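See below for the structure under consideration.
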Amino acid sequence: MERGTIPAGDLPGGIDLQATVESGQSYCWFRDDGRMYEGAPADGWYWTVADGEVLRVRQVDDGLAWESTTDAVPLLTRLHRLDDDLPAIRTATPADPHLQSAYDAYWGMRLVADPPFRSLISFICSAQMRVERIHAMQVALAEAYGEPIQAGGETYHAFPTPDRLAAATEAELRDLGLGYRAPYVVETARMVADGEADPAEAAELPYEEAREWLTRFVGVGQKVADCVCLFSLGFLQAVPLDTWIRTAIAEYYPDCDRGSYAETSRAIRERLGGEYAGYAQTYLFHYLRTRE
DNA sequence: CGCCAGGCCTTAC
DNA sequence: GTAAGGCATGGC
């Protein structure tokens with residue numbers, strides 16, 4: 001495998017790799033030691049398969065070391081948004097004490113840009129489910145239906161293609177622990193496999209239209225659509241209204257509760273700074289969920 | 001035992 | 001357009 005490093009000087013604002021891949025925004029990365037989400041320090045390697053290439057990454061001081069079946073720099077730059085200027089983004093964020101505490105706690109965390117189909121399926125699986133178990137479902141899907149790839153003497157699994165997931169049965173996915181989400185995953189995979197719609201197309205639309213468009217997939221409502229907008233398609237203004245953020249709105253921003261999803265979303269988006277509200281949301285989510 | 005988890009679907013109004 | 005009820009599963 002090829003190897004290289006990305007020095008801290010190439011990462012505006014630095015990098016917190018563990019927070020980036022263990023904050024519930026991406027379910028594409030796995031640890032060699034298998035200890036995701038246990039709160040244990042991650043001084044080892046994370047791996048994923050993207051574009052058919054094996055990619056391994058670990059944090060070294062304030063930079064990144066990588067091993068890959070290809071030149072990982074462009075791929076990793078895209079997937080982990082390494083070009084995002086974190087200090088500039090933070091400057092555009094309101095001087096709200098909750099937001100600033102969250103930024104301080106996980107400074108260096110970046111938004112991800114997961115592959116659209118993979119992001120779509122993982123967030124369909126996320127409904128009424130804890131982060132750790134969402135991740136476990138993606139591991140199960142990859143091991144059951146993903147293409148095995150050999151690299152460096154190890155076997156890795158790609159994420160299943162739409163065709164492979166569409167060919168799975170609801171019963172099989174229930175056996176993997178997906179519960180009532182199983183038929184949603186099969187039907188959405190079939191829609192993509194048959195060419196009815198491709199989630200990547202939504203990136204060409206204005207943000208609110210993209211969110212609405214994505215709800216055509218089965219198992220995708222406004223919240224899941226917002227997650228795909230933010231964690232895959234690059235709509236950094238998206239603020240998914242999940243249970244944690246709704247609690248934060250009730251406690252800290254009660255005037256932003258406007259009843260409907262669309263109007264509450266607009267209000268909290270402005271409160272969190274507008275253009276980069278999704279960054280603020282992701283820091284706040286991770287901070288609230290991991291404190292104590 | 002009950003409650004909750006990065007909600008969505010169907011049905012009824 | 002909004003409101004209620006059902007839905008799988010595992011951890012606490």
Side-chain angles (χ1 to χ4, degrees), chain A residues 19-29 36-39 102 106 109 111-112 114 118-141 144 168-191 199 208 211-233 235-236 238-251 257-266 268-269 272 277-292:
Chain A
T20 300
V21 299
E22 296 192 36
S23 54
Q25 47 169 328
S26 175
Y27 299 93
C28 299
W29 293 85
M36 299 285 284
Y37 309 113
E38 293 179 12
Y106 292 108
M109 181 172 73
L111 283 176
V112 297
D114 281 347
R118 192 167 184 172
S119 182
L120 182 66
I121 295 298
S122 62
F123 280 101
I124 288 172
C125 291
S126 77
Q128 290 293 103
M129 194 51 60
R130 288 185 169 81
V131 166
E132 296 80 355
R133 291 197 54 213
I134 301 164
H135 190 264
M137 290 180 192
Q138 309 315 302
V139 173
L141 289 174
T169 66
E170 175 181 338
E172 289 172 355
L173 298 191
R174 285 181 184 267
D175 285 343
L176 293 180
L178 269 66
Y180 60 78
R181 305 153 195 81
Y184 302 162
V185 168
V186 174
E187 177 59 11
T188 286
R190 186 204 61 75
M191 292 173 71
E208 290 191 342
R211 186 180 67 198
E212 186 61 30
W213 188 90
L214 286 167
T215 64
R216 72 188 51 220
F217 295 104
V218 179
V220 179
Q222 308 244 61
K223 186 271 170 184
V224 166
D226 253 339
C227 287
V228 176
C229 281
L230 181 59
F231 304 133
S232 176
L233 303 182
F235 292 105
L236 304 188
V239 179
L241 300 182
D242 64 86
T243 54
W244 288 89
I245 294 302
R246 287 185 181 277
T247 299
I249 290 173
E251 284 187 30
D257 184 355
R258 306 294 168 83
S260 75
Y261 188 101
E263 292 303 321
T264 301
S265 176
R266 283 180 187 164
I268 191 66
R269 183 159 76 245
L272 298 185
Y279 251 105
Q281 188 271 5
T282 301
Y283 271 92
L284 189 58
F285 172 86
H286 191 44
Y287 176 65
L288 295 176
R289 212 178 65 79
T290 56
R291 68 182 177 184
E292 299 170 59

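No experiment lies behind these values; they were computed from the predicted model shown. Each chain gets a letter, A, B and so on, in the order the sequences are listed, and its residues count up from 1.
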Taking the side chain as every heavy atom from C-beta outward, state whether [X] and [Y] have any pair of such atoms under 4.5 Å apart.
X	Y	value
A/Cys125	A/Arg133	no
A/Pro199	A/Phe217	yes
A/Val239	A/Asp226	no

Partner set under salt bridge (charged side-chain N to carboxylate O under 4.0 Å, His left out) for [X], not counting sequence neighbours:
X	answer
A/Glu263	A/Arg266
A/Arg190	A/Glu187, A/Asp194, A/Glu196
A/Asp114	none

In [range], what residues come within less than 4.0 Å of DNA chain C, judged by heavy atoms?
range	result
residues 218-233 of chain A	none
residues 168-177 of chain A	A/Arg174
residues 120-140 of chain A	A/Gln128, A/Met129, A/Arg130, A/Arg133

Q. Going 5' to 3' along DNA chain B, which nucleotides are the first and last within contact of chain A (any atom under 4.0 Å from a heavy atom)?
A.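 Endpoints of the contacted stretch of DNA chain B: B/dC4 to B/dC9.
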Do any N or O atoms from the side chain of [X] and from the backbone of [Y] form a donor-acceptor pair under 3.5 angstrom?
X	Y	value
A/Tyr261	A/Leu241	yes
A/Glu22	A/Tyr37	yes
A/Ser232	A/Ser119	no
A/Thr20	A/Met109	no

Q: On DNA chain C, reading 5' to 3', which nucleotide is the first and which the last to sit with an atom under 4.0 Å from a heavy atom of chain A, could you check?
A: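 Contact span on the strand: C/dT2 to C/dG10.
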Between [N] and [M], how far apart are the two [atom1] atoms, rounded to whole Å?
N	M	atom1	value
C/dA8	B/dA5	C1'	12 Å
C/dG5	B/dG6	P	25 Å
B/dC3	C/dG6	P	15 Å

Q: Name the nucleic acid region contacted by A/Tyr27, choosing base, sugar-phosphate or nothing; use a 4.0 angstrom heavy-atom cut-off, strictly under.
A: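 Base contact.
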Test of understanding: with side-chain contact (heavy atoms from CB on, under 4.5 Å), list the residues that count as partners of [X], not counting sequence neighbours.
X	result
A/Val186	A/Leu173
A/Ala262	A/Arg211, A/Ser260
A/Ser122	A/Tyr27, A/Gln138

(Q) Suppose the criterion is salt bridge (charged side-chain N to carboxylate O under 4.0 Å, His left out): which pairs have a residue in residues 168-184 of chain A, not counting sequence neighbours? (A) A/Glu170-A/Arg174
Q. Would you call the rings of A/Tyr106 and A/His286 parallel, tilted or perpendicular, where under 30° means parallel and over 60° means perpendicular?
A.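 Answer is tilted, since the angle falls between 30° and 60°.
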Q: Return the 5'-most residue of the pair A/Tyr184, A/Thr282 with respect to DNA chain B, ranking by each residue's nearest nucleotide.
A: A/Thr282
